[in-house]
Amino acid sequence: MKQKITTATQAVDAIQDGAVIMIGGFLGTGTPENLIDALVAKGVKDLTIIGNDGGLPGRGICKLLEANMVKKLIASHVGMTKIVAEQKNSGALELELVPQGSLAEKVRAGGFGLGGILTPTGVGTMVAEGKETLTVNGVEYLLEVPLKADFALIRAFKCDEFGNSIYTKTTRNFNPLMASAAEHVIVGTEEIVKIGDIDPDDVVTPGIFVDYIVGGEKPWEI
């Protein structure tokens, strides 16, 4: 069996300039902070980040923005992160806002090998600009194409040595979807246990999706 347990520094070593990265979490809840810290320390640039939001000042995806490492952000909510507006207005950041449900479904479509999803959300608004529309049973829908990434940085509550992962409460959010939609998946987790210590019925993300495991994540604090 491949040895997957490693350090945060080694886990992100393959991430290079220009990479497309999905990052789980919702305003820092369920975000792998240790992996982001290691990425900031590596100092890559021109990243495309796909996440629910821009994080919070000093937390989550915002750390990458504060380090000027992000070229493009695809997210559903950036209102808690002033730096997003500052970088967008200065021309330093390309921002693509996607309705939250559509964002989740686009990631799911990427992971499940679908050609896209049909949604009524955004029809007749600026969200529809440049997108194909289809009419099904008299209802107009937007065709939203799948999202995929080079890497996914996700966070588990507990995972075993093969990467079988479980989550706790709302930290689950985007993490399982992103684990299926990236070429390489790195899990930051609060606890690593032996194989067999997690009931198979409780596993949410199977270890077959996981390339590297990094322990040491701390419970999220407000």
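Shortest non-hydrogen contact noted between K42 and I15 is CE-O, 2.6 Å. The minimum heavy-atom distance between I166 and V203, with the atom names listed, is CG2-CA, 4.0 Å. Considering every non-hydrogen atom in both S102 and T121, the closest pair reads OG-CB, 4.2 Å. When every heavy atom of P57 is checked against every heavy atom of E66, the shortest pair comes out as CA-OE2, 3.7 Å. In this structure, S165 and A156 approach most closely via the heavy-atom pair CB-CB, 3.8 Å. In terms of heavy-atom proximity, Y167 sits nearest to N175 at CE2-CB, 3.5 Å.
Residues N68 and Q87 bring a donor and an acceptor atom of their side chains to less than 3.5 Å of each other. If you check the side chains of T9 and T7, you find no donor sitting under 3.5 Å from an acceptor.
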The test is side-chain contact (heavy atoms from CB on, under 4.5 Å); show your working for I36 and V12 and say whether it passes. CA-CA 9 Å; I36 292 177; V12 303; over 6 Å; no

Would N164 and T205 count as a side-chain contact (heavy atoms from CB on, under 4.5 Å) if you check the C-alpha gap in whole Å, the side-chain angles of each, and the deciding distance to 0.1 Å? CA-CA 6 Å; N164 294 309; T205 297; over 6 Å; no

Run F174 and L103 through side-chain contact (heavy atoms from CB on, under 4.5 Å) and show every step you take. CA-CA 10 Å; F174 280 80; L103 179 64; 4.0 Å; yes

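More than 12 heavy atoms of other residues, nucleotides or ligands sit less than 6.0 Å from atom NZ of K2. The environment of K131 atom NZ is dense: over 12 non-hydrogen atoms of other residues, nucleotides or ligands sit within 6.0 angstrom. Atom CZ of F151 has more than 12 neighbouring heavy atoms from other residues, nucleotides or ligands inside a 6.0 Å radius. The 12-atom threshold is exceeded at CZ of R108, counting heavy atoms of other residues, nucleotides or ligands nearer than 6.0 Å.
Side-chain N or O atoms of N89 include one that pairs as donor or acceptor with a backbone N or O of A85 at under 3.5 Å. Put simply, the side chain of D17 never gets that close to the backbone of V44: no donor and acceptor are under 3.5 Å apart. In this structure, D150 contributes its side chain and V20 its backbone to a donor-acceptor pair below 3.5 Å. With T81 contributing its side chain and G55 its backbone, the two residues share a donor-acceptor pair below 3.5 Å. Listed for the T6 side chain is no donor-acceptor partner under 3.5 Å among the backbone atoms of K4. A donor-acceptor distance shorter than 3.5 angstrom exists from the side chain of N173 to the backbone of T170, with no hydrogens or angles considered. Formation of a donor-acceptor pair under 3.5 Å by the E33 side chain with backbone atoms of L35 is not found in this model. Of the possible donor and acceptor atoms, none in the side chain of N34 sits under 3.5 Å from a partner among the backbone N and O of A8.
Classification of R155 and E190 as a salt-bridged pair holds, one side-chain N sitting under 4.0 Å from a carboxylate O. At a threshold of 4.0 Å, the pair K72-E96 counts as salt-bridged, since one of the basic side-chain nitrogens sits closer than that to a carboxylate oxygen. Taking the charged nitrogens against the carboxylate oxygens, K194 and E161 do have a contact shorter than 4.0 Å, which makes a salt bridge. With respect to K63 and D37, a salt bridge is recorded, a charged nitrogen being found less than 4.0 Å from a carboxylate O.
Two residues are said to be in side-chain contact when any heavy atoms from C-beta on lie closer than 4.5 Å; I23 and T31 meet this criterion.
Taking CD1 from I5 and SG from C159, the interatomic distance works out to 7.5 Å, rounded to the nearest 0.5 Å. Note that CG of L142 is 7.0 Å distant from OG1 of T133, once rounded to the nearest 0.5 Å.
Checking each of L65, N52, L73, D53 against V78 for a side-chain contact (heavy atoms from CB on, under 4.5 Å) leaves exactly one that passes, namely L73. Each of I154, I213, V210, D160 was evaluated against T189; a single residue qualifies, I213, per the side-chain contact (heavy atoms from CB on, under 4.5 Å) test.
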